[in-house]
Every structure is written in C-alpha cells, then in structure tokens.
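Remarks on the structure that follows.
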Amino acid sequence: MNKLKFLSVSLSIVGSINAYADCYLAKQGDKVLKQDGDCKTAYTPQSTFKVPLAVMGFDSGILQDEKSPVFSDQGYAPNINVCKGPHNPREWMRDSCVWYSQELTKKLGLEKFKEYVEKFNYGNKDISGGLTTAWLSSTIKLSPIEQVEFMEKLANETLPVSKKAFEMTKKIMYVTELPGGWKLFAKTGSGRLKGDLQQGWYAGWIEKGDQKVIFVNHIADKKKQKSYASFRSRNDTMIKLWDIIEEKAK
C-alpha cells in the first residue's frame, strides 16, 4: 500500500493539515522515537479524557461491555447530530459524545471520580471545575508528556484497575488496522484555547505483537481555522505514524 492510499483509506477525514504543532512525541519502551516542539506545557484534555473515563466506568462496573449500558440523551442537548439519541460505550467513544461522559460521571459520583483521578495520577488532578465539566476547557490539565505516560500505563496494563477495565477500554478505543499489521488505538480531543483559537489532541498507541509505540500529537492554533483542531491533529499524526511503520519495516 503506497503512502497516498494509506492516508485515504485509513483516515477518511476532511480537513487541512494547516496547523501549528505544539508537540509530537512517540516512544517505544524507554526509547523516544521522535520528539518535536513543546511537550511540557499543560492543556485541558478535552475528549481524550473519555479514555480515563472509560477505564473508570468499566472498573467500577457502571460500564459493562462495548454495547451496554445504553444511556439516553434525554435532558441533554447534543450539539452534533451523531450524538443525538441513545448511545452505548462503543458509540460514545466513536462519536465522542460529551453528554454520555457527563452521565457516566454523575453515576460515578464526585468522591469516586476524585479517587480515580488521584489513583491514575492524571495530570494536575484538579477536579475543582466540576464533576461533569472539569476536563472541558476547565481545571484538569496535563502536558503531552503526561498524556503519553497515561496512555503507556493503559497500553501496558499498569493502572490500578481490573483486567476487564483494560480489555474493554482497549476494545472501544480500537480504530483500525494499519499497514504491516499494526493496530491503532487512539482518541481525539478538541477545544478552545482563547477566543476563536483551538487546541487539538490525538493520543494513543499502535501495537503489533509485543511491540507498542505510544504517541501524542498536540496542536495549538495561532490563527483561526475552519476545521476542528482534533481532526487536523489526527491527520498530522497518521502521516507521522506511517513514517514509524515504514522505518520498522526496513
């Protein structure tokens, strides 16, 4: 499969890669494969926080498997069409629905939510922004380096949670199989920096057998853009992952 075909088949995403890269970091074990930009500045996780939320949900038993429970959007006002109507865990992660996250945290409760954030050592661990909003351009912040650290713990199953929590979270995070048999597990995140300026995340890992490459790409716009920063971050990441896969195939 050539590079152009790889991008068109694997992405199916509309959006220009016309952004300013704040950080790109990829590592395998203790080896940093690539690091560009400022990877120490902390930002709100936005929808990448659905990943730790999924771990919390499955570990606590609120989430059962990829198809249950089904939550209703009644009482919420989804701002994108794909998030309207009932959703299960797999659909929640795929469509990135904020209201499902909020319903989940309500069921967890503040005390349990705080306990998990502390146990995961997630970013600055500041949930003062609220049970249903702390991760949305609010108080929880983490750097790209810390994002990689969390994803690494998840991929390597070293978080203090059940085996089922690892298995089910990975199941709903799975995106696609890439060339060479590498499997992609990842999540986007997009939000506001200031005014019309956006920030965008794409974080996760690729794996093949015992090999795992953990990555994060974070962009911070310097000028107003028409497309979501998360989509542009994902596009940019896919090109970079192609380079890693090509290098490992040599």
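Judged purely by atom type and a 3.5 angstrom limit, T188 has no side-chain atom pairing as donor or acceptor with the backbone of S230.
Within 6.0 Å of OH in Y228 there are 12 or fewer heavy atoms belonging to other residues, nucleotides or ligands. Within 6.0 Å of NZ in K34 there are 12 or fewer heavy atoms belonging to other residues, nucleotides or ligands. Atom NZ of K183 is surrounded by 12 or fewer heavy atoms from other residues, nucleotides or ligands within 6.0 Å. Remark: K153 NZ is packed, more than 12 non-hydrogen atoms of other residues, nucleotides or ligands lying under 6.0 Å away.
Under a 4.0 Å N-O distance rule, the pair D236/R232 does not qualify as a salt bridge. Salt bridge status for E247 with K250: present, with a side-chain N to carboxylate O gap under 4.0 Å. Under 4.0 Å is where a charged nitrogen must lie from a carboxylate oxygen, and between E167 and K171 no such pair does. Classification of E152 and K27 as a salt-bridged pair holds, one side-chain N sitting under 4.0 Å from a carboxylate O. Salt bridge status for E157 with K170: present, with a side-chain N to carboxylate O gap under 4.0 Å.
A heavy-atom distance below 4.5 Å is not found between the side chains of P144 and D22. Side chains of P160 and K119 form a contact here, defined as non-hydrogen atoms less than 4.5 Å apart. Within the 4.5 Å cutoff, the side chain of M56 has heavy atoms near those of the L108 side chain. V216 places a side-chain heavy atom less than 4.5 Å from the side chain of W201.
Between H87 and F71, the gap from one ring centroid to the other reaches at least 6.0 Å.
Below 30°, between 30° and 60°, or above 60°: for F49 and F113 the angle between ring planes is above 60°, a perpendicular geometry. A parallel orientation is assigned to the rings of W92 and Y100, their planes being inclined by less than 30° (bins at 30° and 60°).
Note on I127 and L53: same hydrophobic cluster, where clusters join Ile, Leu, Val, Met, Phe, Trp and Tyr whose side-chain heavy atoms are under 4.5 Å apart, directly or indirectly. A continuous path of Ile, Leu, Val, Met, Phe, Trp and Tyr side chains, each step under 4.5 Å between heavy atoms, connects L154 with I172, placing both in one hydrophobic cluster. Hydrophobic clustering, with ILVMFWY side chains joined whenever heavy atoms are under 4.5 angstrom apart, groups V32 together with V148.
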